[in-house]
Amino acid sequence: MESKEVFEHYTESTFYAIELTSKYIKRMGLNYFNKINMEITPEEFLALDVIMLNPGLCQRDLAKEILKDRAGTGRILLSLEAKGMVERFVTTKGNRLVRTMKLTDKGEETRKKCESILTPSILKIREKFTEKDSEELKRILKKLRKILSDNVETQI
(Lines give C-alpha, C1' and ligand atoms only; values in the text may rest on other atoms or scores of the structure.)
Protein backbone atom coordinates (compact mmCIF):
# COMPACT_ATOMS: atom_id res chain seq x y z
CA MET A 1 0.00 0.00 0.00
CA GLU A 2 1.36 3.41 -0.93
CA SER A 3 1.75 5.96 1.86
CA LYS A 4 -0.40 8.39 -0.21
CA GLU A 5 -3.37 6.04 0.29
CA VAL A 6 -2.81 5.88 4.05
CA PHE A 7 -3.00 9.64 4.61
CA GLU A 8 -5.13 10.93 1.75
CA HIS A 9 -8.27 10.78 3.89
CA TYR A 10 -7.30 10.51 7.54
CA THR A 11 -10.96 10.52 8.61
CA GLU A 12 -11.40 7.22 6.76
CA SER A 13 -8.34 5.60 8.37
CA THR A 14 -8.23 2.94 11.05
CA PHE A 15 -6.43 5.37 13.35
CA TYR A 16 -9.24 7.90 13.12
CA ALA A 17 -11.87 5.19 13.66
CA ILE A 18 -10.08 4.19 16.88
CA GLU A 19 -9.65 7.83 17.96
CA LEU A 20 -13.32 8.59 17.37
CA THR A 21 -14.40 5.42 19.18
CA SER A 22 -12.18 6.35 22.11
CA LYS A 23 -13.79 9.79 22.29
CA TYR A 24 -17.27 8.24 22.33
CA ILE A 25 -16.24 5.87 25.12
CA LYS A 26 -14.74 8.70 27.17
CA ARG A 27 -17.83 10.87 26.69
CA MET A 28 -20.10 7.95 27.57
CA GLY A 29 -18.14 7.42 30.79
CA LEU A 30 -18.27 11.09 31.75
CA ASN A 31 -22.00 11.29 31.01
CA TYR A 32 -22.70 8.14 32.95
CA PHE A 33 -20.65 9.12 36.00
CA ASN A 34 -22.35 12.53 36.04
CA LYS A 35 -25.81 10.97 35.66
CA ILE A 36 -25.36 8.51 38.52
CA ASN A 37 -23.66 11.18 40.64
CA MET A 38 -20.72 9.04 41.77
CA GLU A 39 -18.27 10.52 44.23
CA ILE A 40 -15.37 9.76 41.89
CA THR A 41 -14.47 10.53 38.28
CA PRO A 42 -14.01 7.93 35.53
CA GLU A 43 -10.23 8.47 35.80
CA GLU A 44 -10.34 7.83 39.55
CA PHE A 45 -12.39 4.68 38.94
CA LEU A 46 -9.78 3.50 36.44
CA ALA A 47 -7.01 4.14 38.97
CA LEU A 48 -8.92 2.23 41.68
CA ASP A 49 -9.42 -0.69 39.32
CA VAL A 50 -5.73 -0.82 38.33
CA ILE A 51 -4.60 -0.55 41.96
CA MET A 52 -7.03 -3.31 42.97
CA LEU A 53 -5.52 -5.58 40.32
CA ASN A 54 -1.94 -4.59 41.24
CA PRO A 55 -1.63 -3.92 44.99
CA GLY A 56 1.74 -2.43 45.86
CA LEU A 57 1.97 -0.63 42.52
CA CYS A 58 4.10 2.52 42.51
CA GLN A 59 2.93 5.84 41.06
CA ARG A 60 5.16 5.55 37.99
CA ASP A 61 3.77 2.11 37.11
CA LEU A 62 0.21 3.34 37.68
CA ALA A 63 0.92 6.26 35.33
CA LYS A 64 2.04 3.79 32.64
CA GLU A 65 -1.07 1.66 33.12
CA ILE A 66 -3.51 4.58 32.83
CA LEU A 67 -1.37 6.48 30.29
CA LYS A 68 -1.17 9.67 32.32
CA ASP A 69 1.90 11.69 33.18
CA ARG A 70 3.15 11.34 36.73
CA ALA A 71 1.83 14.78 37.75
CA GLY A 72 -1.69 13.92 36.52
CA THR A 73 -1.47 10.54 38.22
CA GLY A 74 -0.33 12.29 41.41
CA ARG A 75 -3.40 14.55 41.33
CA ILE A 76 -5.68 11.52 40.94
CA LEU A 77 -3.95 9.80 43.87
CA LEU A 78 -4.13 12.90 46.08
CA SER A 79 -7.86 13.11 45.41
CA LEU A 80 -8.39 9.41 46.15
CA GLU A 81 -6.27 9.70 49.30
CA ALA A 82 -8.29 12.73 50.47
CA LYS A 83 -11.47 10.71 49.94
CA GLY A 84 -10.03 7.87 52.02
CA MET A 85 -9.95 5.38 49.14
CA VAL A 86 -6.21 4.86 48.72
CA GLU A 87 -3.33 4.58 51.16
CA ARG A 88 0.26 5.16 50.07
CA PHE A 89 3.35 3.76 51.68
CA VAL A 90 7.07 4.36 51.26
CA THR A 91 8.93 1.13 50.45
CA THR A 92 12.05 0.18 48.56
CA LYS A 93 12.20 -1.07 45.00
CA GLY A 94 15.65 -2.34 44.19
CA ASN A 95 17.77 0.09 46.16
CA ARG A 96 15.58 3.19 45.88
CA LEU A 97 12.63 4.49 47.87
CA VAL A 98 9.26 4.42 46.12
CA ARG A 99 5.70 5.15 47.16
CA THR A 100 3.39 2.21 46.67
CA MET A 101 -0.33 2.12 47.21
CA LYS A 102 -3.29 -0.04 48.06
CA LEU A 103 -7.03 0.40 48.21
CA THR A 104 -8.70 1.03 51.52
CA ASP A 105 -11.96 -0.71 52.38
CA LYS A 106 -13.78 2.45 51.25
CA GLY A 107 -11.85 2.42 47.94
CA GLU A 108 -12.76 -1.21 47.30
CA GLU A 109 -16.39 -0.56 48.25
CA THR A 110 -16.57 2.46 45.91
CA ARG A 111 -14.92 0.54 43.05
CA LYS A 112 -17.39 -2.33 43.47
CA LYS A 113 -20.34 0.08 43.62
CA CYS A 114 -19.24 1.80 40.39
CA GLU A 115 -18.64 -1.55 38.73
CA SER A 116 -22.08 -2.85 39.68
CA ILE A 117 -23.74 0.30 38.33
CA LEU A 118 -21.70 0.34 35.09
CA THR A 119 -21.94 -3.39 34.32
CA PRO A 120 -25.53 -3.43 32.95
CA SER A 121 -24.73 -0.64 30.46
CA ILE A 122 -21.53 -2.33 29.34
CA LEU A 123 -23.35 -5.65 28.95
CA LYS A 124 -26.01 -3.96 26.78
CA ILE A 125 -23.29 -2.76 24.42
CA ARG A 126 -21.48 -6.12 24.45
CA GLU A 127 -24.72 -7.89 23.46
CA LYS A 128 -24.36 -6.29 20.03
CA PHE A 129 -21.14 -8.28 19.42
CA THR A 130 -20.55 -12.00 19.23
CA GLU A 131 -18.06 -13.40 21.72
CA LYS A 132 -15.78 -14.17 18.78
CA ASP A 133 -15.96 -10.57 17.51
CA SER A 134 -15.30 -9.20 20.97
CA GLU A 135 -12.25 -11.44 21.51
CA GLU A 136 -10.89 -10.65 18.04
CA LEU A 137 -11.28 -6.91 18.62
CA LYS A 138 -9.47 -7.13 21.98
CA ARG A 139 -6.68 -9.15 20.37
CA ILE A 140 -6.20 -6.68 17.52
CA LEU A 141 -6.32 -3.64 19.83
CA LYS A 142 -3.80 -5.24 22.19
CA LYS A 143 -1.50 -5.90 19.24
CA LEU A 144 -1.86 -2.29 18.05
CA ARG A 145 -1.19 -0.93 21.59
CA LYS A 146 1.97 -3.04 21.80
CA ILE A 147 3.21 -1.70 18.46
CA LEU A 148 2.37 1.86 19.47
CA SER A 149 3.89 1.57 22.95
CA ASP A 150 7.15 0.36 21.39
CA ASN A 151 7.21 3.32 18.99
CA VAL A 152 5.61 6.27 20.80
CA GLU A 153 7.37 8.38 23.42
CA THR A 154 4.90 8.92 26.27
CA GLN A 155 7.26 10.67 28.73
CA ILE A 156 5.73 8.84 31.67
Side-chain angles (χ1 to χ4, degrees), residues 1-55 57-86 88 101-103 106-156:
M1 179 182 285
E2 293 179 28
S3 62
K4 178 182 170 210
E5 293 173 0
V6 173
F7 292 105
E8 189 169 336
H9 300 288
Y10 178 72
T11 57
E12 294 176 7
S13 71
T14 303
F15 295 109
Y16 183 71
I18 293 169
E19 180 182 344
L20 194 58
T21 303
S22 175
K23 288 179 180 182
Y24 272 112
I25 291 169
K26 186 171 185 163
R27 181 149 308 154
M28 182 182 75
L30 286 169
N31 290 345
Y32 205 75
F33 270 72
N34 287 336
K35 188 166 99 176
I36 61 176
N37 201 24
M38 291 304 301
E39 60 184 300
I40 62 173
T41 67
E43 288 180 332
E44 290 171 337
F45 171 72
L46 176 60
L48 289 176
D49 199 54
V50 171
I51 295 165
M52 189 263 320
L53 291 170
N54 304 282
L57 194 67
C58 68
Q59 182 173 327
R60 182 182 192 152
D61 291 340
L62 176 62
K64 287 178 184 178
E65 285 291 321
I66 65 174
L67 205 55
K68 284 267 185 210
D69 62 26
R70 284 192 280 176
T73 303
R75 284 189 291 278
I76 291 169
L77 289 172
L78 283 172
S79 174
L80 290 172
E81 236 178 346
K83 294 173 183 176
M85 297 181 193
V86 170
R88 293 196 273 178
M101 63 205 78
K102 71 172 192 165
L103 296 185
K106 182 178 181 183
E108 177 58 24
E109 180 183 306
T110 302
R111 192 202 65 76
K112 282 181 181 176
K113 181 179 176 186
C114 288
E115 184 180 84
S116 70
I117 292 170
L118 294 171
T119 296
S121 296
I122 292 169
L123 288 175
K124 251 188 220 181
I125 294 167
R126 280 188 54 197
E127 285 176 358
K128 309 287 183 188
F129 291 90
T130 66
E131 188 66 31
K132 183 180 176 186
D133 286 345
S134 183
E135 290 303 316
E136 181 69 4
L137 179 59
K138 283 193 292 188
R139 185 190 67 74
I140 290 169
L141 289 173
K142 185 176 182 180
K143 181 178 179 180
L144 180 59
R145 270 194 317 274
K146 172 71 172 121
I147 292 166
L148 292 172
S149 71
D150 289 345
N151 292 285
V152 174
E153 176 59 46
T154 58
Q155 297 184 354
I156 294 175

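Reckoned from all heavy atoms, side chains included, excluding hydrogens, waters and symmetry mates.
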Between [atom1] on residue [X] and [atom2] on residue [Y], distance to nearest 0.5 Å:
X: Arg70; Y: Asp61; atom1: CZ; atom2: CG; value: 10.0 Å
X: Leu103; Y: Thr110; atom1: CG; atom2: OG1; value: 9.5 Å
X: Lys64; Y: Thr73; atom1: NZ; atom2: OG1; value: 11.5 Å
X: Leu62; Y: Ile51; atom1: CG; atom2: CD1; value: 5.0 Å

So which atom in [X] and which in [Y] form the shortest heavy-atom distance, rounded to 0.1 Å?
X: Arg126; Y: Ser134; value: NE-OG, 4.5 Å
X: Tyr16; Y: Tyr10; value: CB-O, 3.1 Å
X: Phe33; Y: Ile40; value: CD2-O, 3.3 Å
X: Asp133; Y: Thr130; value: N-OG1, 2.9 Å
X: Cys58; Y: Met101; value: C-CE, 3.6 Å
X: Gly84; Y: Lys106; value: O-CB, 3.6 Å

Problem - Backbone of Ile117 reached by a side-chain donor or acceptor of Tyr32 within 3.5 Å - result: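 Flag set: sc Tyr32 to bb Ile117 pair under 3.5 Å.
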
Handout entry: Glu44: which of Lys68, Lys83, Arg75 passes salt bridge (Lys or Arg N to Asp or Glu O under 4.0 Å)
Key = Lys83

Is it true that [X] and [Y] make a salt bridge, defined as a side-chain N closer than 4.0 Å to a carboxylate O?
X: Lys113; Y: Glu109; result: no
X: Glu136; Y: Arg139; result: yes
X: Glu135; Y: Lys138; result: yes
X: Lys112; Y: Glu108; result: yes

